[in-house]
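A short write-up of the structure that comes next.
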Amino acid sequence: MRTEALNRVKLVFTLFDVNGNGYLEADDFEAMATHVIQAVPSADDAAKSAMAAAFRTYWTTVVGELDADRDGKVSFDEYTACVLSPERFNEAIGEFAESLSALGDPEGDGLVRRPTFVALMMAIGFRLANIHALFDAFGPTDADRIARATWADGIRDYYDPDKAGIPGDHLVGDLAV
């Protein structure tokens, strides 16, 4: 596993630990889903439902794979064991990537506008400068849009334990949590 991948996952764990108790729990994922869905009020109900379902799948996968003592919470060490194991987590992360990028495309034209991208990423908790650096790394059009598929692929890459030098690395750095 690359250090870059571990740093990316550490940041996501910190952001998803909404209540800050050092563990991921079902309530953290419900709260995060609510924040993210509220970030794009213009999204249709199907996209919002898909995003909520993706957060539930993400949580169910993590807790189902790792909560050995069945206490309903997952530590950072437990989390990295699942998230950075593609064979255990690819399906959940794929659903999450497709749902988040779809939520970012409320017009349904296959493009995500910078303001919508920023709103969604801030709802998750990433820092503004890092969000803009990531958007720019995705190669926006002259109209300041990125392809929805590019973002979905970038999310998948973010969780790949063997990748470094990817756009998602912009989220982790001096300005990251």
Side-chain angles (χ1 to χ4, degrees), residues 8-9 11-19 24-67 72-74 79 82-126 128 130-132 134-135 137-141 143-161 163 166-168 170-171:
R8 291 188 305 259
V9 170
L11 176 59
V12 168
F13 181 91
T14 302
L15 297 176
F16 281 10
D17 179 16
V18 175
N19 66 14
L24 299 180
E25 301 163 295
D27 289 347
D28 291 322
F29 283 79
E30 289 300 319
M32 183 62 69
T34 298
H35 293 138
V36 169
I37 290 166
Q38 289 174 345
V40 187
S42 62
D44 65 31
D45 289 340
K48 291 176 183 179
S49 293
M51 186 77 262
F55 270 108
R56 282 191 290 280
T57 298
Y58 193 125
W59 167 247
T60 302
T61 301
V62 168
V63 76
E65 290 279 340
L66 299 170
D67 189 15
K73 58 186 180 179
V74 175
Y79 180 71
C82 178
V83 173
L84 293 176
S85 296
E87 68 281 359
R88 296 169 84 183
F89 202 64
N90 272 350
E91 189 174 322
I93 210 57
E95 180 183 343
F96 180 80
E98 291 302 321
S99 297
L100 186 60
S101 62
L103 193 64
D105 179 19
E107 291 83 9
D109 61 2
L111 297 170
V112 178
R113 285 130 184 87
R114 185 183 296 259
T116 306
F117 181 86
V118 169
L120 285 166
M121 297 297 280
M122 288 191 71
I124 294 170
F126 293 105
L128 186 59
N130 300 66
I131 295 167
H132 284 293
L134 175 60
F135 192 87
F138 284 146
T141 66
D144 213 23
R145 298 172 183 163
I146 59 170
R148 175 178 153 183
T150 298
W151 189 16
D153 290 344
I155 294 168
R156 287 183 193 88
D157 286 348
Y158 188 93
Y159 288 92
D160 188 318
K163 294 211 174 178
I166 62 170
H170 289 284
L171 294 173

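Fair warning: this is a prediction, and the values are worked out from it, not measured in the lab. Counting begins at 1 with the first residue of the sequence.
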Check: L134 and M121 side chains under 4.5 Å, non-hydrogen atoms: yes
Test: R156 and E98 ion pair at under 4.0 Å: yes
Non-hydrogen atoms of A119 and A39 that approach each other most closely: O-CB, 3.5 Å
Point-to-point distance, once rounded to the nearest 0.5 Å, from CD1 of I155 to CG of D160: 14.0 Å
R113 CZ to R145 CZ distance, which is reported to the nearest 0.5 Å: 4.0 Å
L111 vs I146 side-chain heavy atoms within contact, under 4.5 Å: no
Plane angle bin for F16 and F96 - parallel if under 30°, tilted between 30 and 60°, otherwise perpendicular: perpendicular
Where V40 and P106 come nearest, the two heavy atoms and their spacing: CG1-CG, 4.0 Å
Y158 vs L171 side-chain heavy atoms within contact, under 4.5 Å: yes
Worked check of side chain to side chain contact (heavy atoms under 4.5 Å, CB included) between T61 and E91: CA-CA 9 Å; T61 301; E91 189 174 322; over 6 Å; no
Donor-acceptor pair, side chain of D105 and main chain of D109, under 3.5 angstrom: yes
Parallel, tilted or perpendicular, as decided by the 30° and 60° cut-offs, for the rings of Y159 and Y58: perpendicular
Side chains of H132 and V118 in contact at under 4.5 Å (non-hydrogen atoms): yes
Heavy-atom closest pair, residues P41 and K48: O-NZ, 3.3 Å
Side-chain heavy atoms of V63 within contact of L24, under 4.5 Å: no
Minimal non-hydrogen separation, A50 against S99, with atom names: O-OG, 3.3 Å
Value rounded to 0.5 Å, distance of CG in L11 from OG1 in T14: 6.5 Å
Side chain to side chain contact (heavy atoms under 4.5 Å, CB included) assessment of M51 paired with V36: CA-CA 8 Å; M51 186 77 262; V36 169; 4.1 Å; yes
R8 and K163, any side-chain heavy atoms less than 4.5 Å apart: yes
Side-chain heavy atoms of F55 within contact of I37, under 4.5 Å: no
F117 and F138, any side-chain heavy atoms less than 4.5 Å apart: yes
Heavy-atom pair with the smallest gap, counting every atom of M32 and L15: CE-O, 3.2 Å
Euclidean distance, L103 CG relative to R148 CZ, rounded to 0.5 Å: 10.0 Å
Side chain T116, main chain V112, donor-acceptor under 3.5 Å: no
Any donor-acceptor pair under 3.5 Å from D17 side chain to D28 backbone: no
Pair V18-D27, side chain to side chain contact (heavy atoms under 4.5 Å, CB included): steps then yes or no: CA-CA 8 Å; V18 175; D27 289 347; over 6 Å; no
Non-hydrogen atoms of I131 and M122 that approach each other most closely: CD1-CG, 3.3 Å
